Peer 1: 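This is the structure, below, for whatever I ask next.
Just so it is clear, the structure is predicted and the values come from calculations on it, not from any experiment.
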Amino acid sequence: MPLISRTRTRWLIVALALSAIAFSPVRAQSQELCEPDGNYESPSETLRTVELPELGVSVSIPENYRTMKLQNGAVQILHPDDFEWIQCVANGGRGGGGYYFEMIQKVMPDPTLNLQEQASRMMGSDIQIMAYQQNGLEGYIVNSVYGYNVAFLGTIPGYQHLIEVSAGCDCEIEVEAVTDLLSEVRPL
């Protein structure tokens with residue numbers, strides 16, 4: 001066989017092999033579907049206190065609940081089923097919906113606004129706002145009239161920053177979700 005024919009044959013074999021690899025069907029790896037197991041675990045009646053020194057507060061939560069610190073410094077308080085769902089998604093599973101969370105985070109005061117104005121701007125328009133004072137915390141609870149967000153913005157004695165305590169999900173949230181949590185928050 002002449003040299004040119006052998007070279008063409010080699011290139012043809014290489015080209016066919018590469019095209020077979022490039023155009024072969026790829027099997028997608030199946031992802032686990034992250035969904036509740038249907039066995040809703042009730043909040044424990046026993047509470048444990050979690051100190052959050054970066055935020056200047058402690059909070060008492062059901063013993064079976066988990067806390068998760070976010071990259072922005074906020075701390076979410078999660079029901080065991082919601083924590084399990086987040087772990088599933090974090091490990092590569094598919095999530096098909098939201099989850100309920102309560103969150104505590106530090107907020108810097110806006111020097112151009114008073115506390116009530118800053119609280120009002122947290123959720124934009126269509127809100128209800130009410131004063132709140134308990135356990136050394138003083139501020140405002142802001143409620144979206146659409147029912148999907150409720151948050152408290154207030155002061156902590158001895159700290160320059162403000163604290164936001166909120167609840168959210170892709171479901172309706174009652175003001176009591178935040179007031180119940182606020183009743184368990186104490187300045188350090």
Peer 1: Applying a strict under-4.5 Å side-chain criterion to I, L, V, M, F, W and Y, I'd like to know whether V178 and M130 cluster together.
Peer 2: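 Linked within one cluster.
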
Peer 1: Would you give me the side-chain donor-acceptor pairs under 3.5 Å for residues 58-69, sequence neighbours excluded?
Peer 2:
residue	atom	partner	partner atom	Å
S60	OG	T49	OG1	3.3
N64	OD1	S44	N	2.9
N64	ND2	E41	OE2	2.9
N64	ND2	S42	O	3.0

Peer 1: Could you check whether any side-chain heavy atom of T179 comes within less than 4.5 Å of a side-chain heavy atom of L181, counting everything from C-beta outward?
Peer 2: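 Heavy-atom side-chain distance check fails, nothing below 4.5 Å.
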
Peer 1: Output a table of donor-acceptor pairs, distance under 3.5 Å, between side-chain atoms of residues 88-100 and any protein atom two or more places apart or on a different chain; print 'none' if there are none.
Peer 2:
residue	atom	partner	partner atom	Å
N91	ND2	Q87	O	3.0
Y99	OH	Q76	OE1	3.0
Y99	OH	Q76	NE2	3.3
Y100	OH	E102	OE2	3.0

Peer 1: For the pair N135 (side chain) and L137 (backbone), establish whether a donor and an acceptor sit closer than 3.5 Å, ignoring hydrogens and angles.
Peer 2: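 No; judged by distance alone, with no hydrogens or angles, the pair does not exist.
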
Peer 1: Which value, rounded to the nearest 0.5 Å, describes the distance between E172 atom CD and E174 atom CD?
Peer 2: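 The distance works out to 7.0 Å.
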
Peer 1: Same cluster or not: are I129 and V107 linked, directly or through other Ile, Leu, Val, Met, Phe, Trp or Tyr residues, by side-chain heavy atoms under 4.5 angstrom apart?
Peer 2: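 Cluster IDs for I129 and V107 match.
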
Peer 1: Go through V145 and I127 one step at a time and tell me if the side-chain contact (heavy atoms from CB on, under 4.5 Å) criterion holds.
Peer 2: CA-CA 5 Å; V145 296; I127 59 166; 5.7 Å; no

Peer 1: If you look only at distance, which donor and acceptor atoms sit under 3.5 Å apart when one is on a side chain in residues 153-169 and the other is two or more places apart or in another chain?
Peer 2:
residue	atom	partner	partner atom	Å
T155	OG1	E138	O	3.3
H161	NE2	L55	O	3.0
E164	OE1	Q105	NE2	3.3

Peer 1: Around atom CZ of R48, are there more than 12 heavy atoms of other residues, nucleotides or ligands at under 6.0 Å?
Peer 2: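 Correct, the count exceeds 12.
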
Peer 1: In terms of hydrophobic clustering (I, L, V, M, F, W, Y; side-chain heavy atoms under 4.5 Å; direct or indirect links), are F101 and F83 co-clustered?
Peer 2: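 Same hydrophobic cluster.
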
Peer 1: Can you list everything that forms a side-chain hydrogen bond (donor to acceptor under 3.5 Å, both in side chains) with N143? Sequence neighbours excluded, please.
Peer 2: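 Once residues adjacent in sequence are excluded, the partners of N143 under the side-chain hydrogen bond (donor to acceptor under 3.5 Å, both in side chains) criterion are Q128.
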
Peer 1: Check whether any side-chain heavy atom of E51 lies under 4.5 Å from a side-chain heavy atom of L188, and answer yes or no.
Peer 2: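 Side chain of E51 against side chain of L188, heavy atoms only: contact under 4.5 Å found.
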
Peer 1: Measure the shortest side-chain to side-chain distance between R121 and L113 over non-hydrogen atoms and say whether it is less than 4.5 angstrom.
Peer 2: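 Yes - at least one pair of side-chain heavy atoms lies under 4.5 Å apart.
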
Peer 1: Would V175 end up clustered with F152 when hydrophobic side chains under 4.5 Å apart are linked, directly or stepwise?
Peer 2: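 V175 and F152: one cluster.
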
Peer 1: I need the E184 CD to I77 CD1 distance, nearest 0.5 Å.
Peer 2: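 With rounding to 0.5 Å, CD (E184) is 10.0 Å from CD1 (I77).
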
Peer 1: So, using side-chain hydrogen bond (donor to acceptor under 3.5 Å, both in side chains) as the criterion, who are the partners of D126 when residues are at least two apart?
Peer 2: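 Scan of D126 (side-chain hydrogen bond (donor to acceptor under 3.5 Å, both in side chains), adjacent residues dropped) gives Y146.
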
Peer 1: Any side-chain heavy-atom pair from V142 and V150 closer than 4.5 angstrom?
Peer 2: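 In short, these two side chains do not touch, never coming nearer than 4.5 Å.
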
Peer 1: With sequence neighbours excluded, what pairs up with Y140 under the ring-ring contact (aromatic ring centres under 6.0 Å, His included) test?
Peer 2: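 Y140 satisfies ring-ring contact (aromatic ring centres under 6.0 Å, His included) with no other residue.
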
Peer 1: Provide the closest heavy-atom pair for I173 versus A177 in the form atom of the first, atom of the second, distance.
Peer 2: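 Reported closest heavy-atom pair: CG2-CB, 4.0 Å.
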
Peer 1: Rounded to the nearest 0.5 Å, what's the gap from OG1 on T112 to CG on D110? Could you check?
Peer 2: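 Here the interatomic distance stands at 3.5 Å.
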
Peer 1: Quick one: CD on E176 to CG on L182, what's the gap to the nearest 0.5 Å?
Peer 2: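 Here the rounded value is 12.0 Å.
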
Peer 1: How many angstroms lie between NE2 in H79 and CD in E84, if you round to the nearest 0.5 Å?
Peer 2: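 If we round to the nearest 0.5 Å, H79:NE2 and E84:CD are 10.5 Å apart.
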
Peer 1: Hydrophobic clustering (ILVMFWY, side-chain heavy atoms < 4.5 Å, transitive) - are M123 and L115 grouped together?
Peer 2: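 Cluster IDs for L115 and M123 match.
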
